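Keep in mind that this is a model prediction, so the values were computed, not measured. The analysis underlying the following values was restricted to heavy atoms, covering all of them including side chains, and did not include hydrogens, waters or symmetry mates. Letters A, B, ... are given to chains in the order of the sequence lines, protein chains preceding strands, and every chain is numbered from 1.
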Number of protein chains: 2
Amino acid sequence: MGNPTIPDIVIGRLPIYLRALQRMDQSGQQVTSSHELGEMLGISPPQIRKDLSLFGEFGKQGTGYHVQFLASQLQSILHLNQVWDIAIVGAGDVGHALARYQGFRDRGFQVKMIFDNDQNKIGRKIGEFTIQDIAEMAEKIQEAGIRVAMLAVPAAFAQPVTDALVKAGVKAILNYAPIQISAPPDVKVQYIDPALHLQRMSYYLK
Amino acid sequence: MGNPTIPDIVIGRLPIYLRALQRMDQSGQQVTSSHELGEMLGISPPQIRKDLSLFGEFGKQGTGYHVQFLASQLQSILHLNQVWDIAIVGAGDVGHALARYQGFRDRGFQVKMIFDNDQNKIGRKIGEFTIQDIAEMAEKIQEAGIRVAMLAVPAAFAQPVTDALVKAGVKAILNYAPIQISAPPDVKVQYIDPALHLQRMSYYLK
DNA sequence: TAGATTGTTAATCGATTAACAATC
DNA sequence: TAGATTGTTAATCGATTAACAATC
């Protein structure tokens, strides 16, 4: 069970730590330290130690952290001991790229279905998936018990599709549509909008 | 010129304000308030007023903000009065989706070229763009004076490609590779890793 | 052991918010 | 005018960091 007093900003750093640890593990490294992790990630060592200490004592004084052990602890904290099924809504370029992206499986997620409302797309295949009719979305998601969705529809559809996903029992939505959506407090929403990142950087461009 | 004392966290919110204002403008709305914007974005009204006041006085007491005026001020602050040319590195699924994404143009950016190191891809077209050899990347970017790049290569190539981009004069990199990259302080880097967002949400899933 | 690094407290730093005078 | 909303100060809140005892 998650401790409800952990700040969300700390939760946001855990996957970053995990990603670094998994890279270390893949390269055969067995031990690391808050200093090394901090160097690698641009995060201060005490910050890392403090974050981790909110969940337990994972290190050894004088030695540091055992890479595999810490990684598995973080996976457990983040509920990544299981593979979460994902539904993709929207089979345009973004939905297409997400459906084919190979990087989810190793990191606790697995695309299971993809929906669109375009009759020309429905029935066509993307890799192993057949694009399904969005009219059947709620039913299919409920049947499969899917809790995680990625939203790759035009901005105008984002809110109605969100409402349908919430009704179907989805609790986590990664929204690629360039618009704020509203959902009940028990439904987490994260946003990806590349233009937002670019605009943030262009402030610093002369 | 940007005021160097503005916190980066404030800069990060300006594009969010701008996006909301542009939607209002498109729907014909002429005036808004910090309260309405805050409601829409989940940001407190005083926060919005304080952020904006760091750059000037853009509102009218009793009335609020003129949507078009505030939007144009934000565009100017963010250096979005011009269109920034972008180079994409990596012509896989992600690079492909980015090259075809229609959402950049209205928001101050324009894809100009795309590179890959795969001989089977070089010379093929994505929309209007011909995939170019990454061996010619530095030269082409320098010639065109491109300052902004999007990185959509495998993690193992992210750092060497970054080094090449920096040498070629790129000052802003949006990195889709799931790995931290290092660049000089005058080169801004932003990250997009969907798995990171998913993992952050799965903490809250039971 | 000596050196290194954790976990944690206290201090600092920075960001957010409450409150309100100014004024449209 | 009366009502509404800004811009801004002061207070609060929360996050980061410095420092160090504990200990491997």
Side-chain angles (χ1 to χ4, degrees), chain A residues 2-18 20-21 24 29-74 77 180 200 203, chain B residues 2-18 20-21 24 29-74 77 180 200 203:
Chain A
N3 181 334
T5 68
I6 308 287
D8 183 63
I9 197 164
V10 173
I11 302 303
R13 282 190 293 261
L14 300 186
I16 298 173
Y17 302 155
L18 177 59
L21 289 163
M24 288 176 177
Q29 186 177 343
Q30 301 203 343
V31 170
T32 188
S33 66
S34 61
H35 176 78
E36 187 185 42
L37 270 171
E39 183 73 22
M40 182 172 289
L41 300 174
I43 297 176
S44 78
Q47 175 82 273
I48 294 172
R49 295 201 300 277
K50 184 133 203 269
D51 286 351
L52 297 176
S53 76
L54 293 173
F55 299 93
E57 304 193 357
F58 304 122
K60 273 207 183 75
Q61 285 104 323
T63 308
Y65 301 93
H66 184 72
V67 170
Q68 280 189 353
F69 174 73
L70 183 55
S72 82
Q73 291 296 306
L74 288 177
I77 291 165
Q180 197 83 5
R200 181 178 189 156
Y203 172 78
Chain B
N3 181 335
T5 68
I6 307 288
D8 183 61
I9 196 164
V10 174
I11 301 303
R13 283 191 292 261
L14 299 187
I16 298 173
Y17 302 155
L18 178 59
L21 290 163
M24 287 176 178
Q29 186 177 343
Q30 302 204 343
V31 169
T32 187
S33 66
S34 61
H35 176 78
E36 187 184 43
L37 269 170
E39 183 72 21
M40 181 171 289
L41 299 174
I43 297 175
S44 77
Q47 176 81 272
I48 294 172
R49 294 201 300 275
K50 184 131 202 270
D51 287 351
L52 297 177
S53 76
L54 293 172
F55 299 94
E57 305 193 356
F58 304 122
K60 274 207 183 74
Q61 284 104 321
T63 308
Y65 300 93
H66 185 70
V67 169
Q68 281 190 351
F69 174 73
L70 183 55
S72 82
Q73 291 295 307
L74 289 177
I77 291 164
Q180 198 82 7
R200 180 177 190 159
Y203 171 78

Engineer: Only counting residues at least two apart or in another chain, list the ones meeting side chain to side chain contact (heavy atoms under 4.5 Å, CB included) with A:Ser53.
Structural biologist: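 For A:Ser53, no residue satisfies side chain to side chain contact (heavy atoms under 4.5 Å, CB included) once neighbours in sequence are set aside.
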Engineer: Nearest-Å distance, CZ (A:Phe55) to P (C:dG7)?
Structural biologist: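 Nearest whole value for this atom pair: 13 Å.
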Engineer: Just how far, in rounded Å, is C1' of C:dT16 from CZ of B:Arg49?
Structural biologist: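 Nearest whole value for this atom pair: 12 Å.
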Engineer: Round to a whole Å and report the spacing from CD of A:Gln61 to C1' of D:dA19.
Structural biologist: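 In whole Å, D:dA19 C1' lies 16 Å from A:Gln61 CD.
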Engineer: Of all the nucleotides listed (D:dG7, C:dA15, D:dT5), which has the minimum atom distance to the side chain of B:Ser53?
Structural biologist: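 Nearest listed nucleotide: D:dG7.
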Engineer: For DNA chain D, just give me the dot-bracket, please: Watson-Crick or G-U, both distances below 3.5 Å, ( ) intra-strand, [ ] crossing earlier pairs, | paired with another strand, . unpaired.
Structural biologist: ..||||||||||||||||||||||
Engineer: A:Thr63 side chain N/O closer than 4.0 Å to the phosphate oxygens (OP1, OP2) of C:dT5?
Structural biologist: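 False: A:Thr63 side-chain N/O out of range (4.0 Å or more) of C:dT5 OP1/OP2.
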Engineer: From D:dT6, C:dT17, C:dT16, pick the nucleotide closest to the side chain of B:Ser44?
Structural biologist: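 Looking only at heavy atoms from C-beta outward on B:Ser44, the closest nucleotide is C:dT17.
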Engineer: What's the CD-P distance between B:Gln73 and D:dT6, to the nearest Å?
Structural biologist: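 Atom CD in B:Gln73 sits about 16 Å away from atom P in D:dT6.
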Engineer: Quick check: do A:Tyr17 and A:Asp51 have side-chain heavy atoms less than 4.5 Å from each other?
Structural biologist: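 Of all side-chain heavy-atom pairs linking A:Asp51 with A:Tyr17, at least one is under 4.5 Å.
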Engineer: How long is the line joining CD of A:Glu57 and C1' of C:dT5, in whole Å?
Structural biologist: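 Checked: the CD to C1' distance equals 13 Å.
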Engineer: Let me know the distance between CD of A:Gln47 and C1' of D:dA15, rounded to the nearest Å.
Structural biologist: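 In whole Å, D:dA15 C1' and A:Gln47 CD are 7 Å from each other.
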Engineer: Got more than 12 heavy atoms from elsewhere within 6.0 Å of CD, A:Gln30?
Structural biologist: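 Atom CD in A:Gln30 is not crowded, with 12 or fewer foreign heavy atoms closer than 6.0 Å.
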Engineer: Could you tell me if the side chain of B:Tyr203 sits less than 4.5 Å from the side chain of A:Asp8, heavy atoms only?
Structural biologist: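 Answer no - side chains too far apart.
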Engineer: Reckon A:Ser34 has a side-chain N or O less than 4.0 Å from the OP1 or OP2 of C:dT6?
Structural biologist: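 So the side chain of A:Ser34 is within the cut-off, an N or O lying under 4.0 Å from OP1 or OP2 of C:dT6.
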Engineer: 5'-most contact on DNA chain D: A:Lys60 or A:Ile43, nearest heavy atom basis?
Structural biologist: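 The residue whose closest nucleotide sits nearer the 5' end is A:Ile43.
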Engineer: Rounded to the nearest 0.5 Å, what's the gap from OG on A:Ser44 to CG on A:Leu37? Could you check?
Structural biologist: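 If I round to the nearest 0.5 Å, the distance is 12.0 Å.
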Engineer: Side-chain N or O of A:Tyr65 versus OP1/OP2 of C:dG7: is the shortest distance under 4.0 Å?
Structural biologist: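 Answer is yes, contact under 4.0 Å.
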Engineer: B:Arg13 has an atom CZ; how far is it from atom P of C:dG14, in whole Å?
Structural biologist: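 Taking CZ of B:Arg13 and P of C:dG14, I get 15 Å after rounding.
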Engineer: Working to the nearest 0.5 Å, report the span between CE of B:Met24 and OH of B:Tyr65.
Structural biologist: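 B:Met24 CE to B:Tyr65 OH: 12.0 Å, rounded to 0.5 Å.
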Engineer: For B:Arg49, what residues pass the salt bridge (Lys or Arg N to Asp or Glu O under 4.0 Å) criterion, not counting sequence neighbours?
Structural biologist: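 Not a single residue meets the salt bridge (Lys or Arg N to Asp or Glu O under 4.0 Å) criterion with B:Arg49.
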Engineer: In whole angstrom, what separates A:Leu70's CG from C:dT5's P?
Structural biologist: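 Answer to the nearest Å: 16 Å.
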